[in-house]
Amino acid sequence: MPFPTDPVWFITGCSTGFGRELAKLVLARGWRAVVTARGTDRVADLVALVPDRALAVDLDVADQGQIDAAVAAATARFGRIDVLVNNAGYGYQSSVEEGEDAEIRAQFEANVFGLFAMTRAVLPVMRGQKSGAIVNITSIGGLTGFASSGYYSATKHAVEGWSESLRAEVAPLGIAVTCVEPGPFRTDWAGRSLHQTKSRIADYAATAQARMDTTSGYSGQQPGDPVRAGEAMIAAVTRADPPHQLVLGKFAYDTATTLYRKRLTAIEADRELSLGADFPEMANA
């Protein structure tokens with residue numbers, strides 16, 4: 001299905017990072033956008049540039065009432081939603097053993113359950129249109145895991161698996177689903193937005209704590225450019241057949257391709273063990 005000539009984008013988490021840069025690019029193309037943040041004052045400057053094509057909405061994706069109100073405001077203003085970008089979320093680092101329950105649950109509320117709820121609220125609009133694109137910003141951590149990022153990776157793995165099921169259900173309805181998997185980019189992820197529980201266990205000093213120190217120490221020096229990432233997302237979404245996955249940045253590309261090759265090799269190496277788990281008559285069918 002061809003991409004609309006005058007699309008409406010609904011982007012969560014536009015106060016900083018990917019969301020802000022993507023919103024600016026969308027509006028610069030003459031398109032319409034619903035830009036959201038926890039406090040419309042944080043995106044007022046975006047709307048001021050083109051008030052006829054931009055709508056600022058207060059949105060905490062962990063609040064169902066705000067989600068419903070945001071979608072209602074978007075459809076009341078523009079009549080449709082062509083692209084939903086689930087960008088809102090943040091990082092949390094700790095060793096698995098020392099993860100704090102309150103931090104873990106808050107991370108899942110924002111990164112997983114909020115994203116699920118946001119999508120459920122927009123799906124009726126897209127089903128009615130028989131068209132749309134859903135872009136879920138996950139992470140290279142949604143494909144693999146790193147020391148100190150167990151709980152963050154768990155949220156992103158959850159979104160990846162859920163997106164596969166969502167795609168199977170909505171593709172026949174004209175709705176595309178793309179997971180975007182960035183590596184390290186110069187957003188606030190490793191800076192202001194990052195939550196950490198420092199490790200006090202010496203056994204994790206060289207793994208979880210070392211990576212936490214590295215992560216917080218390179219904020220603002222990452223190789224990834226959020227503006228170029230936004231351009232890549234637009235290029236992918238506006239294709240006739242948007243990709244299921246879009247890894248962003250050299251680190252993510254190298255990590256993903258190496259990971260998949262190794263996993264396929266390992267799976268194939270255990271072929272006989274795998275097939276031997278079936279009843280013999282089924283395995284030989």
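Between Phe78 and Trp9, the distance separating the two ring centers is not shorter than 6.0 angstrom.
In this structure, Arg77 places its CZ atom where more than 12 heavy-atom neighbours from other residues, nucleotides or ligands lie under 6.0 Å away.
Residues Ala33 and Val26 approach most closely at CB-CG1, 4.1 Å, considering heavy atoms. Residues Val61 and Ala88 approach most closely at CG1-CB, 4.1 Å, considering heavy atoms. When all heavy atoms are compared, the tightest approach of Ala147 to Arg211 is O-CD, 3.0 Å. Residues Ala70 and Val57 approach most closely at CB-CG1, 3.4 Å, considering heavy atoms. The heavy-atom pair separating Ser149 from Gln93 by the smallest distance is OG-NE2, 3.7 Å. Counting all heavy atoms, side chain and backbone alike, Arg42 lies closest to Ser15 at NH2-OG, 3.5 Å.
Using a 4.0 Å cut-off between charged nitrogen and carboxylate oxygen, Glu231 and Arg29 count as a salt-bridge pair. Using a 4.0 Å cut-off between charged side-chain N and carboxylate O, Asp6 and Arg32 make a salt bridge. A salt bridge links Asp45 with Arg20; the closest basic N to acidic carboxylate O contact falls under 4.0 Å. We find that Lys24 and Glu21 are joined by a salt bridge, their nearest charged nitrogen and carboxylate oxygen being less than 4.0 Å apart.
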**Prompt:** What do the steps show when you test Met118 against Val71 for side-chain contact (heavy atoms from CB on, under 4.5 Å), and what is the final call?
**Reply:** CA-CA 9 Å; Met118 188 72 245; Val71 173; 3.6 Å; yes
**Message:** Set out, in order, the CA-CA distance, both residues' side-chain angles and the distance that settles side-chain contact (heavy atoms from CB on, under 4.5 Å) for Tyr253 and Thr257, then state yes or no.
**Reply:** CA-CA 6 Å; Tyr253 180 86; Thr257 53; 3.9 Å; yes
**Request:** Evaluate the criterion side-chain contact (heavy atoms from CB on, under 4.5 Å) for residue pair Leu49 and Leu27; output intermediate values, then yes/no.
**Result:** CA-CA 9 Å; Leu49 295 172; Leu27 293 171; 5.9 Å; no
**Request:** Would you please test Val135 and Val83 for side-chain contact (heavy atoms from CB on, under 4.5 Å) and show each step?
**Result:** CA-CA 7 Å; Val135 180; Val83 184; 4.2 Å; yes
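Between the side chain of Asp60 and the backbone N or O of Arg38, no donor-acceptor pair lies under 3.5 Å. The backbone N or O of Tyr90 lies less than 3.5 Å from a partner atom in the side chain of Gln107, making a donor-acceptor pair. One N or O on the side chain of Thr178 and one on the backbone of Pro243 form a donor-acceptor pair closer than 3.5 Å. Put simply, the side chain of Gln129 gets close to the backbone of Ile81: a donor and an acceptor are under 3.5 Å apart. Checking side-chain atoms of Asp58 against main-chain N and O of Gly39 turns up a donor-acceptor pair under 3.5 Å. With hydrogens and angles ignored, the 3.5 Å screen pairs no side-chain donor or acceptor of Thr36 with any backbone N or O of Leu59. For Asn136 (side chain) and Asn86 (main-chain N/O), no donor-acceptor pair under 3.5 Å exists by modelled atom type.
Under the 4.5 Å side-chain criterion, counting only non-hydrogen atoms from C-beta, Leu55 is not in contact with Val47. With contacts defined as side-chain heavy-atom distances shorter than 4.5 Å, the pair Phe10/Val125 does not qualify. Within the 4.5 Å cutoff, side-chain heavy atoms of Met233 are placed close to those of Ile137. In this structure, the side chains of Leu84 and Thr119 come closer than 4.5 Å at one or more pairs of heavy atoms. For the pair Ser131 and Arg80, the minimum side-chain heavy-atom distance is below 4.5 Å. For the pair Ile11 and Val34, the minimum side-chain heavy-atom distance is 4.5 Å or more. Taking the side chain as every heavy atom from C-beta outward, Glu100 and Tyr92 approach each other to under 4.5 Å. Looking at Ile175 and Leu123, their side chains come closer than 4.5 Å, going by heavy atoms from C-beta outward.
When each of Glu164, His244, Arg167 is checked for a side chain to side chain contact (heavy atoms under 4.5 Å, CB included) with Val177, only Arg167 meets the rule.
Under a hydrophobic-cluster definition in which Ile, Leu, Val, Met, Phe, Trp and Tyr are linked whenever side-chain heavy atoms come within less than 4.5 Å, directly or via other members, Leu143 and Tyr152 are assigned to different clusters.
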